[in-house]
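Before any comments, here is the structure.
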Amino acid sequence: MTDVLVGIENLSRDFDVSKPWLNRVLENEEKKYVTAVNDVSFEIRRGETFALVGESGSGKSTIAKLIVGLIRPTGGQILFDGTNVATRGSASMRQLRSRFQMIFQDPFASLNPRWRVKDIIAEPLRTFGVAEGRAAWEKRVDELLETVGLSAKDGAKYPHEFSGGQRQRVAIARALSAQPEFIVCDEPTSALDVSVQAQILNLMRDLQDEFGLTYLFISHDLSVVRHMASRIGVLYLGRLVEVAEGKTLFRDPKHPYTKMLLDAVPDLEMTGRKRQPVEGEIPNPIDPPSGCTYHPRCRLANDRCRSEVPVLKLHGDTKAACFALEEGRS
Amino acid sequence: MSDALLSVRDLVVEFPTRKGILTAVDRVSFDISRGEVLGVVGESGAGKSMTGSAIIGLIEPPGHIAGGTISIAGQRIDNLPYEAMRRVRGKRIGMVFQDPLTSLNPIYTIAEQLIETIRTHMDLNERQARDRAIGLLDQVGIPAASRRIDDYPHQFSGGMRQRVVIALALCVEPELIIADEPTTALDVSVQSQIIDVLKRMCADHGTAIMLITHDMGVIAEAADRVVVMYAGRVAEIGAVRDVIKDAKHPYTKGLMGAIPTLMQDSDRLTQIPGTMPRLTDIPPGCAFSKRCPEAFDRCFVEQPDCRPYQGRDVACLLYDEGKPQ
Amino acid sequence: MTMDSERLKPPGLWARFFDSDIWYSFTRSKVIMAAAIVTLLIFLGALFAPLIAPHDPFDMASLYLMDSLTPPMWEAGGNPVYPLGTDDQGRDILSAILYGSRISLAVGFASVAFAAILGISLGLLAGYMGGRVDSIIMRIADVQLTFPSILIALLIDGSVRSIFGGIDREQSAFYVLVFSIGLSFWVQYARTVRSSTLVEKDKEYVQAARLIGLHPLRIMASHVLPNVMGPVLVIATINLALAIITEATLSFLGVGIPSTQPSLGTLIRIGNDFLFSGEWWIAAFPGAALAILVLAVNLLGDWLRDALNPRLR
């Protein structure tokens with residue numbers, strides 16, 4: 001089954017980080033841009049959980065916002081079920097919007113503190129006209145609250161009366177309310193405690209089974225990704241360096257960065273495994289290294305890595321962007 | 001345990017609020033030996049940071065220590081006047097906080113901050129203090145330390161800044177470092193570097209570390225022993241290996257099951273139902289009783305004490321003599 | 001979750017208000033309670049002036065010139081019919097103060113409302129839209145700030161008079177005052193609302209609303225606005241005191257409310273003429289009333305600012 005729901009093609013996004021005009025003129029500086037997302041292509045299949053992992057500055061949250069249309073791409077396109085999402089303003093866009101939703105990282109910021117929970121959950125379904133009339137949407141909100149493990153009575157409360165985990169349940173109920181097919185989850189559990197994280201992750205899996213949802217799951221936490229994702233893309237400084245099936249990636253990582261990342265995960269099993277000390281730090285994205293952006297931290301780097309940009313190529317079942325792999329230097 | 005460097009006994013921290021007194025830390029006892037890394041783990045609101053603040057005497061009013069003792073190398077420090085406590089804090093206890101940016105003063109260079117701290121507490125001249133500062137930066141793994149020492153905090157990356165903070169904490173060779181979520185604001189790859197630095201410092205200088213974190217992974221990597229806290233109370237204390245591999249307290253068991261790992265292949269994580277009670281409505285008896293799958297009658301009325309059991313201390317009535325059956 | 005179902009029905013609006021930190025801090029300070037009571041008394045006095053005032057100072061027919069310049073009742077020559085004495089036309093000072101604060105408060109409220117509506121709308125637009133809209137609005141605000149508010153009021157009053165020379169001054173004075181005071185106060189609202197909006201618009205609940213394709217105006221009104229109103233309330237309270245003073249100043253200068261329907265400022269101006277001839281009560285009592293009102297409202301505003309600021313709690 002290779003039914004593609006979301007196709008990302010050569011997606012790029014620059015951010016203007018220049019100083020204000022007057023400062024630029026006085027200090028005689030050029031405009032400065034950060035390329036947060038650089039020529040990223042991947043596809044998300046219907047019914048799967050595709051995960052994007054990366055550290056800070058990798059562009060993973062920018063990709064999430066690009067896909068749901070919160071920001072516009074500088075280049076490339078996003079196809080949702082064959083329709084280009086970037087062409088906005090059309091009548092079909094409204095219809096398209098109701099088919100995807102987003103769950104945000106911080107449940108303390110993602111719910112309007114002045115609104116009652118039932119109004120928060122009802123907003124998308126009233127906007128898209130899923131439920132007509134007060135009685136209909138109130139009934140639907142009650143159902144949604146119970147679906148996410150809260151009680152229908154909780155609808156009359158305000159967000160501050162809930163704990164972090166319960167708020168994230170409310171956010172999930174809101175995301176589900178307009179019956180979307182595709183949900184972008186931007187670090188949905190990173191603000192939560194472990195025991196609550198487990199509840200939310202389990203809930204998300206149950207909902208996926210129940211409603212046949214497709215997830216784009218964005219996280220910096222490899223063990224969470226391992227638990228949730230069917231396929232994984234690894235981002236480094238705005239570029240996709242490796243894409244693989246979840247199991248394959250963890251068993252047999254190809255790209256040197258992926259290997260380093262896996263190695264750095266704390267060893268909770270206390271197996272006492274030996275590991276390479278991590279070298280260097282993520283470079284400043286305003287002034288990224290030439291060629292393969294990972295080369296200053298890579299043991300396998302040579303002159304080609306320093307000058308040429310590698311592209312994703314198939315190595316076994318895995319796609320990776322690395323010259324060392326291509327040339328068999330690893 | 002007379003050889004303990006830090007000894008906390010029945011520590012109680014209370015916050016008077018208009019709705020009554022809130023007990024943020026409830027009769028917590030533990031020891032840290034010289035050169036040991038003691039992990040303190042718990043969810044938000046479990047009282048782990050509050051315990052750290054109590055030890056360094058920096059609880060924000062109206063909160064206050066309402067009972068128990070804290071002593072460092074046999075000397076009580078919980079009842080010291082402010083000035084004396086300030087000296088202890090500077091000289092014998094160092095601190096590393098979660099956000100390295102706020103623990104460094106942005107308008108002074110690293111050199112100025114390190115040298116000031118060193119000269120406040122040690123009898124060294126400017127030159128010697130500077131050499132010592134460069135040596136410390138070198139030890140915590142800052143490349144080209146002699147050149148970078150004159151940079152300002154904002155010129156360092158997050159990971160490098162946290163190294164500077166560790167160097168700052170080490171300046172005066174404290175006997176104890178309290179590290180409150182030192183790696184939480186950092187990326188995974190940087191996190192493992194910082195853990196390595198902390199562990200090396202501990203080994204090289206014989207400094208004891210109290211490592212406060214919510215992340216069991218960090219504990220597994222760095223700590224020798226671990227205190228598991230829940231709702232302001234100690235649930236379990238033991239060697240890291242024992243606690244992680246063979247947890248006894250039902251809360252610790254649940255917590256371990258809830259963490260997804262790189263190895264396991266299960267579809268569902270074990271989850272603890274509900275959430276930690278707010279400090280305003282902790283149930284009578286065991287604080288965990290309402291969420292505990294193994295709770296029995298006594299758990300709802302009787303608050304368990306921390307008792308030794310199979311080489312660790314557990315606060316659970318399951319391991320009490322009076323257990324049913 | 002079993003724990004959730006045990007919770008009780010959420011409390012109503014009033015119950016939540018009396019349980020809130022604001023109400024708590026209110027009950028803890030005697031000064032604030034006193035200020036609130038004084039403000040309330042003046043408000044009620046102004047509101048029910050026709051019912052409680054011993055005389056109607058606007059009813060020319062009821063004035064006796066014989067009674068003009070009567071001192072307060074406890075002075076020699078005082079008359080208990082006029083507890084605080086009378087002015088040069090025989091108007092009862094107490095009644096004039098009650099009616100006068102009615103006008104002062106009306107001008108105050110109306111101009112604050114005008115300034116707030118203008119400032120909040122422009123601040124929301126500037127903060128939410130950003131870019132060129134933001135630059136234009138905020139530059140206008142900057143220019144506006146370079147003129148003192150009295151000057152603006154004088155300018156507007158002057159231009160209204162020269163443009164609409166023929167209109168009835170008694171009718172227009174109120175609106176001219178409201179417009180000119182409001183216009184000189186809006187910048188503060190706009191700036192505050194703009195900076196809060198900049199913070200709020202990046203929060204995820206606003207992104208969630210954008211995600212479902214709501215119109216920006218709708219997001220501003222129903223999502224951002226309720227969350228930036230806290231500081232606005234504080235400014236509005238403090239501005240009310242300021243507006244009352246500005247009105248008094250303008251009336252004192254003679255460009256405000258005409259003396260046929262005196263506000264507190266007009267009363268003070270009238271009294272000013274008699275200060276040196278010994279009839280001190282004509283200026284002193286309206287002046288004291290103005291001072292007490294402004295002080296009470298200011299105290300309330302200060303307290304509200306502290307109570308709403310989580311960092312000071």
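Scope of the values below: all heavy atoms of this structure, side chains included, with no hydrogens, waters or symmetry mates.
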Distance (rounded to the nearest 0.5 Å) between A/Gln166 CD and B/Thr275 OG1 | 5.0 Å
Atom pair CG (B/Asp215) and CG (A/Asp221), whose distance is rounded to the nearest 0.5 Å | 8.0 Å
Max heavy-atom pairs within cutoff under 4.5 Å with chain B, candidates A/Glu55, A/His220, A/Met260, goes to A/Glu55
When every non-hydrogen atom of B/Arg278 is compared with those of A/Ser163, the smallest separation belongs to NH2-N, 4.2 Å
Contact origin within A/Leu201 toward chain B - heavy atom pairs under 4.5 Å = side chain
Decide if atom CG of B/Asp150 counts as having more than 12 heavy atoms of other residues, nucleotides or ligands within a radius under 6.0 Å.
-> yes
Is it true that the side chains of B/Glu43 and A/Ser195 contain a donor and an acceptor less than 3.5 Å apart?
-> yes
Quick one: CD1 on A/Ile200 to CG on B/Leu269, what's the gap to the nearest 0.5 Å?
-> 12.0 Å
Whatever's closer than 4.5 Å to a heavy atom in chain B on A/Ile282 counts as side chain
Per-residue contact mode, B/Met276 against chain A (heavy atom under 4.5 angstrom) = neither
Indicate yes or no for a side-chain donor-acceptor contact from A/Gln199 to the backbone of B/Gln271 under 3.5 Å, with no hydrogens or angles considered.
-> no
Considering only heavy atoms, which portion of A/Arg251 lies under 4.5 Å from any heavy atom of chain B: side chain, backbone, both, or neither?
-> neither
The single option from A/Gln197, A/Arg226, A/Met228 passing side-chain contact (heavy atoms from CB on, under 4.5 Å) against B/Pro260 = A/Gln197
Spacing of B/Ser192 atom OG and A/Asp263 atom CG [to the nearest 0.5 Å] = 8.0 Å
